[in-house]
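Data first, discussion second: the structure below is written as structure tokens.
When a residue number appears, it is its place in the shown sequence, counting from 1.
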Amino acid sequence: MAEEEPPSVSRDLQELQRKLGLLLESFQNNSKVVAFMKSSVGRFLDRHPFLVLTVLMFVTMSAIPVGFFLLIVVLTSLGALMGAILLEGLVISVCGLSLLCILCGLGFVSLALSGIAMMSYVVVSCLMSYWFSPRPPTQQHANIDSQLAMKFTESEKLGL
């Protein structure tokens, strides 16, 4: 069994090598790649393969930290946006409750003041009507006569 496995592995490796060769050939025959390789940048990169490999490795390895950084930026922005929305909602809620308390207090104060004003009006109008009401003439003369009679009797008692 150990002898049968290596031929199948080598046959699979040869098949893989053939497929990779076809892929590289199709990549090199692409019109955009041919146009890039004919440019000055393409010729420079073709003459300096170590530099190309270094830049390729740098870009590949820096993709993960840059991706994490961008993810943190996006999450922080979303968090700030949500925080602003939550903070705004909190401020609106607190201000709304404060306004409700103030309006309830003003309603109570206005109710109390209108009650006091109404009671004051009733008391003052009753007093005014009592003090300044016209009395019937007979009753008024009777009161004056009784007051004069009392004064007269008091003055007689004193000997005047």
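With hydrophobic clusters built from ILVMFWY side chains whose heavy atoms lie under 4.5 angstrom apart, V41 shares a cluster with V55. F36 and V52 fall within a single hydrophobic cluster, where Ile, Leu, Val, Met, Phe, Trp and Tyr side chains are chained together by heavy-atom contacts under 4.5 Å. Side-chain heavy atoms closer than 4.5 Å link hydrophobic residues (I, L, V, M, F, W, Y) into clusters, and following such links, possibly through other members, connects F132 to V124. Put simply, M128 and Y130 are part of the same group of oily side chains (I, L, V, M, F, W, Y) that touch within less than 4.5 Å, one to the next. Under the 4.5 Å side-chain heavy-atom criterion for grouping Ile, Leu, Val, Met, Phe, Trp and Tyr, L51 is connected to V59 within one hydrophobic cluster.
Rounding to the nearest 0.5 Å places CE of M119 at 10.5 Å from OG of S114. Taken to the nearest 0.5 Å, the CG atom of L97 stands 11.0 Å off from the CD1 atom of I102. A distance of 11.0 Å separates CG of L22 from CD of Q17, quoted to the nearest 0.5 Å. Here OG of S77 is found 11.5 Å from CD1 of I72. Values are rounded to the nearest 0.5 Å. Between the CZ atom of F108 and the CG atom of L113 there is a distance of 10.0 Å, given to the nearest 0.5 Å. In this structure, D46 CG and R43 CZ are separated by 10.0 Å, a value rounded to the nearest 0.5 Å.
The closest side-chain heavy-atom distance from K19 to L23 is not below 4.5 Å.
Evaluation of the side chain to side chain contact (heavy atoms under 4.5 Å, CB included) rule for V74 yields L78 as partners, not counting sequence neighbours. Residues passing the side chain to side chain contact (heavy atoms under 4.5 Å, CB included) test with V33, sequence neighbours excluded: F27, N30, M37. Evaluation of the ring pair (Phe, Tyr, Trp, His ring centres under 6.0 Å) rule for F44 yields H48 as partners, not counting sequence neighbours.
Heavy-atom contacts from other residues, nucleotides or ligands closer than 6.0 Å to CD1 of I64 number 12 or fewer. The local environment of CD in E15 is crowded, with over 12 non-hydrogen atoms from other residues, nucleotides or ligands closer than 6.0 Å.
Side-chain N or O atoms of N29 include one that pairs as donor or acceptor with a backbone N or O of E25 at under 3.5 Å.
Just one of I116, V122, V123 meets the side chain to side chain contact (heavy atoms under 4.5 Å, CB included) condition when paired with S120; it is I116.
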